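Since we're looking at a predicted model, the values are computed, not measured. Numbering starts at 1 and runs along the sequence shown.
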Amino acid sequence: DRARYGRDIGGLTMLRINEILDAVEELVQERFPDSKAYRNQVPKNFKRSSFMVSIGPQTMDTLTRSLVDRTAQVAVSLFEVVDVTHNSQVEALNDRVTLALELFSCPAIQVRDRCLDISNVNGSNYNNYAQVTFTLSWQDDRETEQAEAALAKYYDLTIEVNKKEETHNG
């Protein structure tokens, strides 16, 4: 859906963060089918059991003249029903973290027709929620029009090595 996610660049459509969030959300929803999904933030008095998918730091580094290396850190926050003291059941959160860690222990996830590598998978429990974070990495085509405009012009850089000057005494 180019209108939603972006334009074609060099034959591939550059992946958009919302596509990645869609894919992660779909995977988590399959693992926790009775949980409500949220994206980036939860509203006041949100429903529990639920989860929230969000993106952290992202990078885009030059790989070649026509390719870039990209990474994005993803966080999946897991929420469980709270008790009267507004603390979740630790056992339930522990189970959710274990299931989420297992879900993202695979080498890659599919987003459209691409496979994004998964690394740095971590899980943590807090007072009333748990969180699993991981890094996704992939390559995208660089917009070649910008690269063409940035090319250096031709310069004559003739270098003469070990050339001795002749001295005439006369």
Side-chain angles (χ1 to χ4, degrees), residues 1-10 12-63 67-143 146:
D1 183 14
R2 290 183 196 140
R4 183 173 178 194
Y5 296 117
R7 59 186 168 73
D8 284 340
I9 296 177
L12 289 177
T13 302
M14 188 173 271
L15 285 181
R16 300 293 186 235
I17 293 304
N18 285 336
E19 292 175 298
I20 294 168
L21 288 173
D22 288 344
V24 171
E25 186 177 306
E26 186 178 320
L27 286 171
V28 176
Q29 190 70 69
E30 288 175 13
R31 178 59 50 110
F32 303 106
D34 296 332
S35 294
K36 177 158 179 51
Y38 294 99
R39 175 87 51 99
N40 298 320
Q41 61 183 356
V42 291
K44 185 177 179 182
N45 300 321
F46 65 96
K47 181 184 179 223
R48 293 172 182 256
S49 293
S50 57
F51 65 90
M52 177 182 68
V53 177
S54 58
I55 291 286
Q58 303 173 49
T59 65
M60 185 181 294
D61 294 318
T62 298
L63 183 63
L67 288 175
V68 291
D69 259 339
R70 294 185 62 192
T71 67
Q73 188 177 53
V74 179
V76 178
S77 300
L78 304 158
F79 305 100
E80 191 53 61
V81 177
V82 293
D83 60 21
V84 293
T85 60
H86 207 69
N87 288 319
S88 295
Q89 299 302 318
V90 174
E91 294 83 10
L93 284 175
N94 286 338
D95 285 345
R96 284 181 164 266
V97 167
T98 300
L99 291 171
L101 285 170
E102 179 185 66
L103 178 64
F104 295 107
S105 67
C106 59
I109 66 169
Q110 186 168 347
V111 179
R112 283 195 329 221
D113 60 345
R114 314 271 289 285
C115 289
L116 284 59
D117 294 332
I118 298 177
S119 61
N120 304 319
V121 183
N122 294 292
S124 300
N125 285 8
Y126 300 97
N127 288 338
N128 61 357
Y129 75 100
Q131 189 172 66
V132 171
T133 60
F134 52 92
T135 301
L136 296 175
S137 55
W138 69 100
Q139 295 174 350
D140 268 326
D141 281 349
R142 177 193 301 273
E143 185 176 351
Q146 288 180 348

Chemist: Among R48, E80, Q89, which residue satisfies the side chain to side chain contact (heavy atoms under 4.5 Å, CB included) criterion with N128?
Modeler: R48
Chemist: The criterion is salt bridge (Lys or Arg N to Asp or Glu O under 4.0 Å); which residues satisfy it with E26, sequence neighbours excluded?
Modeler: none
Chemist: Can you see which heavy atom on V68 is nearest to which on M14, and at what distance?
Modeler: CG2-CE, 4.4 Å
Chemist: List the atom pairs, donor and acceptor, that lie under 3.5 Å between side-chain atoms in residues 28-35 and the rest of the protein, sequence neighbours left out.
Modeler:
{"unit_1": "Q29", "atom_1": "NE2", "unit_2": "F32", "atom_2": "O", "d": "3.2"}
{"unit_1": "Q29", "atom_1": "NE2", "unit_2": "P33", "atom_2": "O", "d": "3.4"}
{"unit_1": "Q29", "atom_1": "NE2", "unit_2": "S35", "atom_2": "O", "d": "2.8"}
{"unit_1": "R31", "atom_1": "NH1", "unit_2": "L99", "atom_2": "O", "d": "2.9"}
{"unit_1": "R31", "atom_1": "NH1", "unit_2": "E102", "atom_2": "OE1", "d": "2.9"}
{"unit_1": "S35", "atom_1": "OG", "unit_2": "R96", "atom_2": "NH2", "d": "2.9"}

Chemist: For A72, give me all partners under side chain to side chain contact (heavy atoms under 4.5 Å, CB included), at least two apart in sequence or on another chain.
Modeler: I17, I55, Q58, W138
Chemist: Taking atom CD of Q73 and atom CG of N122, what is their separation to the nearest 0.5 Å?
Modeler: 8.5 Å
Chemist: What distance separates L63 CG from D140 CG, expressed to the nearest 0.5 Å?
Modeler: 11.0 Å
Chemist: How would you list, by chain and number, every residue that makes a side chain to side chain donor-acceptor pair (under 3.5 Å) with N125, sequence neighbours excluded?
Modeler: N94
Chemist: Between Y38 (side chain) and K47 (backbone), is there a donor-acceptor pair under 3.5 Å?
Modeler: yes
Chemist: Which pair of heavy atoms, one from L78 and one from A100, lies closest together, and at what distance?
Modeler: CD1-CB, 3.9 Å
Chemist: For T135, give me all partners under side chain to side chain donor-acceptor pair (under 3.5 Å), at least two apart in sequence or on another chain.
Modeler: none
Chemist: Would you say the side chain of L67 lies within less than 4.5 Å of the side chain of D141, judging by non-hydrogen atoms?
Modeler: yes
Chemist: Side-chain contact test, heavy atoms from C-beta onward, threshold under 4.5 Å: evaluate it for R142 versus T62 and give yes or no.
Modeler: yes
Chemist: Once ring pair (Phe, Tyr, Trp, His ring centres under 6.0 Å) is applied, what residue pairs with a partner in residues 93-124 remain, sequence neighbours excluded?
Modeler: F104-F134
Chemist: Between the side chains of R39 and D22, is the shortest nitrogen-to-carboxylate-oxygen separation below 4.0 Å, so that they form an ion pair?
Modeler: yes
Chemist: Specify the closest pair of heavy atoms between E19 and R16, including all atoms of both residues, with the distance to one decimal.
Modeler: OE1-N, 2.8 Å
Chemist: Going from CD on Q131 to CG on L93, what distance comes out if it is rounded to the nearest 0.5 angstrom?
Modeler: 12.0 Å
Chemist: Report the residues that fulfil side chain to side chain donor-acceptor pair (under 3.5 Å) with S105, sequence neighbours left out, ordered by chain and then residue number.
Modeler: none
Chemist: Give, for atom CG of L15 and atom CZ of R114, the distance between the pair rounded to the nearest 0.5 Å.
Modeler: 4.0 Å
Chemist: Please identify each residue that fulfils side chain to side chain contact (heavy atoms under 4.5 Å, CB included) with S137, with sequence neighbours left out.
Modeler: T71, D117
Chemist: A side-chain contact here means heavy atoms from C-beta on lying under 4.5 Å apart; do L101 and V97 qualify?
Modeler: yes
Chemist: Measuring only between side-chain heavy atoms, which start at C-beta, is I118 closer than 4.5 Å to V74?
Modeler: no
Chemist: With rounding to the nearest 0.5 Å, note down the distance linking CG in L136 to SG in C115.
Modeler: 11.5 Å
